[in-house]
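Structure first, commentary second.
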Protein chains: 2
Amino acid sequence: MLSYTEENYLKTIYHLSENGSKDVTTNGIADAVNTKPASVSDMLKKLAQKSLIDYIKYQGVTLTDEGRVKALKIIRKHRLWEVFLVNKLSFNWDEVHDVAEELEHIKSPLLIKRLDEFLGFPQFDPHGDPIPTEDGIINHKRSVPLHQMEIGMSGVVVGLNETASSFLQFLDKIGVYIGVKIKVLDKSSFDHSVEIEIDQTSKMMISNEVAKNLNISE
Amino acid sequence: MLSYTEENYLKTIYHLSENGSKDVTTNGIADAVNTKPASVSDMLKKLAQKSLIDYIKYQGVTLTDEGRVKALKIIRKHRLWEVFLVNKLSFNWDEVHDVAEELEHIKSPLLIKRLDEFLGFPQFDPHGDPIPTEDGIINHKRSVPLHQMEIGMSGVVVGLNETASSFLQFLDKIGVYIGVKIKVLDKSSFDHSVEIEIDQTSKMMISNEVAKNLNISE
DNA sequence: AAAATATTTTAGACTACTCTAAATTAAACC
DNA sequence: GGTTTAATTTAGAGTAGTCTAAAATATTTT
Ligand SMILES: [Mn+2]
Ligand SMILES: [Mn+2]
Ligand SMILES: [Mn+2]
Ligand SMILES: [Mn+2]
C-alpha cells in the first residue's frame with residue numbers, strides 16, 4: 001500500500017519523464033513536489049527499495065514497469081475526478097486541479113469504476129489530457145505545439161502544456177478551448193508571435209509563449 | 001487547519017457524546033479510533049490546546065462550540081458523499097461508509113457547496129441520519145427505538161443505531177429500509193423479540209438486538 | 001587536468017502520530 | 001476507610017516525512 005506522499009512522488013516522476021526528454025533529476029523532483037533535494041534523496045531510496053523506480057546514486061531515476069502502472073492509476077483517478085468536477089459540478093477548468101490533487105488519493109477501485117461509468121467512460125480530461133485505462137494504457141495523441149505549425153496550416157486544439165490558472169483564464173478570455181479550430185495566419189519573425197484565426201471567426205495575435213503551450217492535432 | 005487525524009478524533013468525540021448519555025472517556029475514544037489510550041491522551045492535549053475540546057485530566061472530554069462546528073462540518077461532508085455514492089454511483093448502503101470516511105477529509109468548500117447542489121440539497125443520508133447545514137445546524141428527528149414501542153403502535157423507519165454491513169445486509173434481506181412502515185404485532189416477554197408487520201404486508205419476527213437498532217418515528 | 005561550481009547525498013534534528021511499559025489517579029469492593 | 005482493580009496519564013522510543021548544514025560526487029570552466 002502506497003502512502004499519499006509516495007503516490008505524489010511517483011506521479012511526479014512519471015510526469016517529469018514524459019515531458020522533458022532529459023532524465024529525471026533529484027532537484028527536478030524537489031522542485032515539482034515542493035520539498036528540498038535532501039528529502040527527495042530519502043524518498044528515492046524508499047521507492048527503489050519497493051522496486052517502483054530504478055535508482056543509482058548521483059544518476060537519475062526511471063520508473064519500473066510496476067512504478068509506471070502505479071503512477072498511471074493515480075493519473076487516471078486525477079483526470080476522472082477533473083471530468084467529474086467540470087461536467088457534473090460545473091467547475092471551471094482552472095479550478096479543478098488542486099481538488100483533484102486530493103481526490104486522486106482516495107483508495108477504492110469500486111469508486112473509480114463507478115465514477116468512470118457515471119461519466120460515460122471519458123477519454124480525455126478537461127485539459128485535453130488522455131485518461132489512462134484501468135491497466136495503465138495511455139493513448140498519446142499525436143500533436144504539435146502551435147508555434148511549430150506553418151503559416152496556412154490549421155488544426156484542432158487537443159491539449160495544453162501548462163495548467164496555471166492564469167493561462168487557462170487567458171484562454172477562456174480569447175475563446176480557446178479543447179476542440180476549437182485554429183488556423184495559422186502569420187508568424188512574426190521578430191518576436192515569434194503568431195497570428196491565428198479562432199473558430200473560423202475571430203483573429204488574434206498570440207505570443208510565442210502562449211503558442212508553445214497549445215497542442216494542435218489533425 | 002486540522003489534520004486528517006485531528007478531524008477523525010473530533011468527529012469521534014462528537015459521535016460518542018451524542019449517542020451514550022454518559023461522558024466521553026479516553027478508553028472510549030481509543031476504541032472508536034482504533035488506537036491505544038496513551039495515544040488518545042496525547043491527542044486530547046493537542047485538541048485542548050487548540051481549544052476544540054474542554055479537557056481536564058482524568059475527567060472526560062467535551063467539545064467546545066468551535067470543536068462542535070468543526071465536527072459537524074466533517075459529518076456533513078461524510079453524509080453528502082454517502083448520498084452521492086448511493087444516489088449517483090449506485091453503491092449499496094452498506095458499501096459507502098469506508099469510502100466516505102476518506103472523502104470527508106477533502107478540503108474544498110466549493111466542492112461541498114456544488115455537491116450539495118448537485119444532489120438536490122438532501123436532508124438525510126442513506127442511513128436516515130440528518131445532514132448538518134453549512135453552519136453546523138443539525139436536525140435531530142424525534143424517534144424511538146423499535147423495542148420500546150407498544151404492541152399495536154406503528155411508524156416509519158427513520159434511522160439506525162448500527163451501521164455494520166452485516167446489519168444493513170440483513171435489513172435488505174427482510175425488506176427494511178429508511179422510510180418503510182412498521183407495525184408492532186407482538187412482543188415476546190421471554191427473549192424480548194418483536195413481531196412486526198413490514199410495509200403493511202410481510203410479517204416477521206426480529207430479535208431484540210435488531211429492534212434496538214431501528215429508530216421509528218411518527 | 002586542475003579549480004570552481006553545481007548537484008546530490010548523508011548526518012543529525014524536528015514534527016505528527018503511534019506504541020509499550022511504568023506511574024498515577026479514580027472507582028469498586030469489602 | 002483501606003485495599004484491590006480499572007482507567008488514565010507519563011516516559012521513552014519508533015516510523016514517516018521533512019528540514020538545514022556538511023560532505024561527497026559530478027559537471028563546467030579555465
Ligand atoms: Mn496529489
Ligand atoms: Mn488535467
Ligand atoms: Mn475519516
Ligand atoms: Mn451514514
Side-chain angles (χ1 to χ4, degrees), chain A residues 1-13 16-17 19-63 67 70-71 74 101-102 104-107, chain B residues 1-13 16-17 19-63 67 70-71 74 101-102 104-107:
Chain A
M1 187 95 311
L2 295 178
S3 75
Y4 191 102
T5 311
E6 289 170 327
E7 290 192 344
N8 279 337
Y9 273 91
L10 270 191
K11 200 182 52 151
T12 297
I13 294 169
L16 290 175
S17 56
N19 295 352
S21 47
K22 327 151 198 175
D23 50 345
V24 180
T25 69
T26 301
N27 277 350
I29 298 170
D31 214 59
V33 300
N34 221 16
T35 53
K36 303 292 159 176
S39 310
V40 174
S41 284
D42 280 351
M43 180 56 87
L44 293 184
K45 273 184 229 150
K46 253 182 77 180
L47 294 175
Q49 184 63 36
K50 298 192 177 187
S51 57
L52 297 167
I53 59 174
D54 289 317
Y55 169 54
I56 309 167
K57 270 207 262 184
Y58 290 104
Q59 297 168 227
V61 196
T62 52
L63 291 171
K70 290 261 162 67
I74 304 159
E101 205 59 43
E102 290 188 55
E104 71 190 0
H105 301 289
I106 303 288
K107 293 188 171 10
Chain B
M1 187 98 309
L2 295 177
S3 73
Y4 192 103
T5 312
E6 288 170 327
E7 289 191 346
N8 279 336
Y9 272 91
L10 269 191
K11 200 183 53 153
T12 298
I13 294 168
L16 290 175
S17 57
N19 296 352
S21 48
K22 327 149 197 176
D23 49 346
V24 180
T25 69
T26 300
N27 276 350
I29 298 170
D31 214 57
V33 300
N34 221 16
T35 51
K36 303 290 158 177
S39 309
V40 174
S41 283
D42 280 352
M43 181 56 88
L44 293 184
K45 273 184 229 151
K46 252 182 76 180
L47 294 175
Q49 184 63 35
K50 298 192 177 188
S51 57
L52 298 167
I53 60 173
D54 290 317
Y55 169 54
I56 309 166
K57 270 206 262 183
Y58 290 105
Q59 296 167 230
V61 196
T62 52
L63 291 171
K70 290 263 162 68
I74 305 159
E101 204 59 42
E102 291 187 55
E104 72 190 359
H105 301 288
I106 304 288
K107 292 187 172 12

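Every value quoted in this text rests on a predicted model; they were computed, and no experiment measured them. Here is how names work: the chains are called A, B, and so on, in the same order as the sequence lines, proteins then strands, and each is numbered from 1.
As rounded to whole Å, 12 Å separates atom C1' of D/dA7 from atom CG of B/Asp23. For B/Leu47 and D/dT9, the CG to P distance is 13 Å, given to the nearest whole Å. Here the P atom of nucleotide D/dA7 and the NZ atom of B/Lys22 are 13 Å apart, to the nearest Å. Between B/Gln59 atom CD and D/dT9 atom C1' there is a gap of 14 Å when expressed in whole angstrom units. Whole-Å rounding puts the A/Tyr4 OH to D/dT15 P distance at 25 Å. Rounded to whole Å, atom C1' of C/dT18 lies 14 Å from atom CG of B/Leu44. Regarding B/Ile56, its CD1 atom lies at a distance of 11 Å from the P atom of C/dA26, rounded to whole Å.
The pair B/Lys50-B/Glu6 meets the salt-bridge criterion, since a charged nitrogen lies less than 4.0 angstrom from a carboxylate oxygen.
Residue B/Tyr55 places at least one side-chain N or O under 4.0 Å from the OP1 or OP2 atom of D/dT9. For C/dT10, one of the phosphate oxygens OP1 or OP2 lies less than 4.0 angstrom from a side-chain nitrogen or oxygen of A/Lys57. The phosphate of D/dT9 has OP1 or OP2 within less than 4.0 Å of a side-chain N or O from B/Thr26. Within the structure, every side-chain polar atom (N or O) of B/Lys45 is placed at least 4.0 Å from both OP1 and OP2 of D/dT9. Distances shorter than 4.0 Å separate none of the side-chain N or O atoms of A/Asn27 from OP1 or OP2 on C/dA6.
Contacts with DNA chain D (heavy atom under 4.0 Å) in residues 33-42 of chain B: B/Pro37, B/Ala38, B/Ser41, listed by number.
You'll find a donor-acceptor pair under 3.5 Å spanning the side chain of B/Tyr58 and the base of C/dT24, going by distance alone.
A side-chain contact (heavy atoms from CB on, under 4.5 Å) with A/Leu16 is found for one member of A/Asp31, A/Ile29, A/Val61, A/Thr25 and no other, namely A/Ile29.
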